Amino acid sequence: MKALIYTGVEELTYQDRPLPKAGPGEQLVRIEASGICGSDMHAFLGHDERRPAPLTLGHEAAGVVVGGPQDGRRVTINPLVACQTCRDCQAGKENLCANRQIISMPPREGAFAEYVVMPERNLVTVPDDVDLKQAALAEPIACGWHAARLARAVLGGSFEGRTCAVIGGGAIGVGAALSLRAQGAHQITVIEPNDLRRETLAGIEGFDVCAPDGGDMPAPGSVDCVIDGVGYAATRETASALARQGGVIAHIGLGEATGGLDVRRMTLQEITFIGTYTYTPQDFVETAQAIFDGRLGALDWIETRPLAAGQSAFVDIRSGVVAAPKIVLIPEHAD
């Protein structure tokens with residue numbers, strides 16, 4: 001099969017790889033769509049020691065089961081593979097499993113390939129009327145769904161009458177904003193510095209869009225729920241300033257490890273900070289169902305490119321010339 005392999009810093013090579021073989025309890029999935037994630041970009045730039053070259057990246061994927069009694073089943077993939085036996089797994093928090101694995105990180109190859117092998121329990125069936133390119137968005141949107149759910153619990157279980165802000169207009173930020181709306185929020189602002197991307201976001205229903213230095217930026221201390229989908233010191237500083245007393249900051253982004261939080265203000269104002277990592281299996285299923293039901297909108301804000309052109313896609317994202325919040329790579333199957 002063909003795969004897009006991370007072979008060195010800022011280097012992806014389209015090459016032949018062995019066809020993976022499904023073991024007990026696993027299915028071979030023919031990949032039809034696979035999105036580029038920020039963590040893939042971190043690896044591409046040589047900033048993620050957990051993803052050493054050579055490695056097949058990609059973990060936001062959907063496709064079709066090949067072979068066996070489920071042949072032809074259309075699925076979206078939960079890429080987190082947990083042990084199923086530890087305390088966290090038994091509590092339904094597989095995202096916190098100390099022994100968790102994820103495709104695109106050793107020992108599991110990723111989904112920038114024609115095929116990938118996944119445990120049966122990690123597959124969610126996609127209805128025939130749902131485009132697999134949209135179904136592949138279940139993974140990144142589930143991160144925002146998880147963050148919104150945790151933040152909603154802090155705010156008493158409802159977003160009714162609450163103001164919300166999302167920092168970052170990439171797929172994680174957009175997914176978080178759409179998740180907030182689907183979970184009952186009505187006042188949502190996405191903060192995005194890139195002019196080109198902001199134009200695209202303005203066409204998505206369900207939230208307002210502003211620049212960090214714009215006149216329509218939410219006022220300091222006015223936001224009940226802030227979701228940081230970027231995770232840099234500067235965005236954490238913004239989140240600390242925006243959150244109102246008794247509010248909550250849900251932190252998804254992994255841009256850099258330290259700096260930015262105004263801990264004194266957060267203490268004096270009883271602002272809750274939640275680090276949120278990926279999603280539970282239930283979050284993933286609920287997100288997928290929200291996609292299938294249309295509760296997350298048209299999901300027409302993606303750009304598609306051939307898997308073979310993955311190197312140029314990464315370069316363009318790095319250069320800031322991509323208007324779409326998400327690029328989805330499409331394998332060109334020979335059969």
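Along the sequence shown, residues carry numbers from 1. This one's a predicted model, so the numbers in the text were calculated from it and none came from an experiment.
- Salt bridge absent: Glu10 and Arg318 never bring a charged side-chain N and a carboxylate O closer than 4.0 Å.
- Here Asp293 pairs with Arg295 under the salt bridge (charged side-chain N to carboxylate O under 4.0 Å, His left out) rule; sequence neighbours left out.
- When atom types are taken as modelled, the side chain of Gln134 and the backbone of Leu299 share a donor-acceptor pair closer than 3.5 angstrom.
- In this structure, Arg30 contributes its side chain and Val64 its backbone to no donor-acceptor pair below 3.5 Å.
- The distance from atom CG of Asn78 to atom CZ of Phe284, rounded to the nearest 0.5 Å, is 5.0 Å.
- The salt bridge (Lys or Arg N to Asp or Glu O under 4.0 Å) contacts involving residues 38-55 comprise Asp48-Arg50, Asp48-Arg51, where partners must be two or more places apart or lie in separate chains.
- Judged as a side-chain hydrogen bond (donor to acceptor under 3.5 Å, both in side chains), and not counting sequence neighbours, the contacts of Gln282 are Glu286.
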| task | Decide side chain to side chain contact (heavy atoms under 4.5 Å, CB included) for Arg74 and Leu132; before the verdict, give the C-alpha distance in whole Å, the side-chain angles of both, and the deciding distance to 0.1 Å. | result | CA-CA 8 Å; Arg74 305 169 81 245; Leu132 288 174; 3.5 Å; yes

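- Note on residues 225-251: pairs passing salt bridge (Lys or Arg N to Asp or Glu O under 4.0 Å), not counting sequence neighbours, are Asp224-Arg244.
- Pairs passing the ring pair (Phe, Tyr, Trp, His ring centres under 6.0 Å) check and including a residue from residues 6-51, sequence neighbours excluded, read Phe44-Phe314.
- For the pair Asp71/Val66, a side-chain contact is recorded, criterion being any heavy-atom separation below 4.5 Å from C-beta on.
- Closest approach of Cys86 and Cys83 over heavy atoms only: N-SG, 3.3 Å.
- When side chains are defined from C-beta on, Pro325 counts as touching Leu201, because their heavy atoms get closer than 4.5 Å.
- Phe112 and Val9 fall within a single hydrophobic cluster, where Ile, Leu, Val, Met, Phe, Trp and Tyr are joined by side-chain heavy atoms under 4.5 Å apart, directly or via other members.
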| field | Residue pair Glu11, Gln311: steps toward the side-chain hydrogen bond (donor to acceptor under 3.5 Å, both in side chains) verdict | value | CA-CA 7 Å; Glu11 181 181 82; Gln311 169 75 27; over 6 Å; no

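- Note that the CG atom of Leu80 and the NE2 atom of His59 stand 8.0 Å from one another [nearest 0.5 Å].
- Of the possible polar contacts, none joining the Thr304 side chain to the Ile330 backbone as a donor-acceptor pair under 3.5 Å is found.
- Contacts of Asp195 classified as salt bridge (charged side-chain N to carboxylate O under 4.0 Å, His left out), with partners at least two apart in sequence or in another chain: Arg198.
- If you chain together hydrophobic residues whose side chains sit under 4.5 Å apart, Met41 and Leu4 fall into the same group.
- Shown here are the side-chain hydrogen bond (donor to acceptor under 3.5 Å, both in side chains) partners of Asp316, two or more places apart in sequence or in another chain: Arg305.
- Using the six-membered ring where Trp is involved, His251 and Phe273 have ring planes that are tilted, between 30° and 60° apart.
- Grouping the Ile, Leu, Val, Met, Phe, Trp and Tyr side chains by contacts below 4.5 angstrom, directly or via other members, places Ile204 apart from Val322.
- Atom-to-atom distance recorded for Ile191:CD1 and Asp213:CG is 11.0 Å, nearest 0.5 angstrom.
- A distance of 11.5 Å separates OG1 in Thr189 from CD1 in Ile167, rounded to the nearest 0.5 Å.
- Evaluation of the side-chain hydrogen bond (donor to acceptor under 3.5 Å, both in side chains) rule for Glu192 yields no partner, not counting sequence neighbours.
- Arg108 places no side-chain N or O within donor-acceptor distance of the main-chain N or O of Gln101, the cut-off being under 3.5 Å.
- Neither Val29 nor Val117 shares a network with the other; the hydrophobic side chains, linked directly or stepwise wherever heavy atoms of I, L, V, M, F, W or Y lie under 4.5 Å apart, form separate groups for each.
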Side chains of residues 168-175: which donor-acceptor pairs under 3.5 Å do they make with residues two or more places apart or in other chains?
none

| field | Chi angles and distances behind the side chain to side chain contact (heavy atoms under 4.5 Å, CB included) call for Asn95, His146 | value | CA-CA 11 Å; Asn95 59 316; His146 179 65; 3.8 Å; yes

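- Side chain of Lys2 to backbone of Arg17: no donor-acceptor contact under 3.5 angstrom is found.
- Contact annotation: the side chain of Pro140 never approaches that of Cys37 to less than 4.5 Å [non-hydrogen atoms, C-beta and beyond].
- Distance CG/Leu180 to CH2/Trp145: 10.0 Å, rounded to 0.5 Å.
- At least one side-chain heavy atom of Ile36 sits less than 4.5 Å from a side-chain heavy atom of Leu329.
- With a 4.5 Å cut-off on side-chain heavy atoms, Lys93 and Arg87 do not count as touching.
- The minimum heavy-atom distance between Gly92 and Pro281, with the atom names listed, is O-CD, 3.7 Å.
- Exactly one residue among Val190, Val248, Ile188, Ile227 makes a side-chain contact (heavy atoms from CB on, under 4.5 Å) with Cys164. That residue is Ile188.
- Across every non-hydrogen atom of Pro218 and Cys210, the tightest pair is CD-SG, 4.1 Å.
- Of all non-hydrogen atoms in Ala33 and Val328, the two that sit nearest each other are CB-CG1, 3.6 Å.
- For the side-chain contact (heavy atoms from CB on, under 4.5 Å) with Glu109, the qualifying choice from Leu55, Ile103, Val116 is Leu55, the only one to do so.
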| request: Go through the steps to decide whether Leu123 and Arg73 satisfy the test side chain to side chain contact (heavy atoms under 4.5 Å, CB included), and finish with yes or no. | output: CA-CA 10 Å; Leu123 304 179; Arg73 176 188 172 196; 4.1 Å; yes

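- Note: Asn99 CG to Gln84 CD = 11.5 Å, rounded to the nearest 0.5 Å.
- Leu155 and Val166 fall within a single hydrophobic cluster, where Ile, Leu, Val, Met, Phe, Trp and Tyr are joined by side-chain heavy atoms under 4.5 Å apart, directly or via other members.
- Summarising the geometry of Met217 relative to Thr238, their closest heavy-atom pair is CE-CG2, 3.7 Å, with the distance given to 0.1 Å.
- Residue pairs satisfying the side chain to side chain donor-acceptor pair (under 3.5 Å) criterion with at least one member in residues 270-279, sequence neighbours excluded, are listed as follows: Glu139-Tyr279.
- With a 4.5 Å cut-off on side-chain heavy atoms, Leu137 and Ile302 count as touching.
- Within the structure, ring pair (Phe, Tyr, Trp, His ring centres under 6.0 Å) contacts touching residues 183-216 (residues at least two apart or in different chains) do not occur.
- Side-chain N or O atoms of Thr13 include none that pairs as donor or acceptor with a backbone N or O of Gln15 at under 3.5 Å.
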| field | Step-by-step side chain to side chain contact (heavy atoms under 4.5 Å, CB included) determination, Ile317 to Ile327 | value | CA-CA 9 Å; Ile317 293 171; Ile327 290 182; 3.8 Å; yes

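- Tyr232 pairs by the ring pair (Phe, Tyr, Trp, His ring centres under 6.0 Å) definition with nothing, not counting sequence neighbours.
- With hydrogens and angles disregarded, no donor-acceptor distance shorter than 3.5 Å links the side chain of Arg162 to the backbone of Arg152.
- Nearest heavy-atom pair across Leu178 and Leu296 is CD1-O, 3.4 Å.
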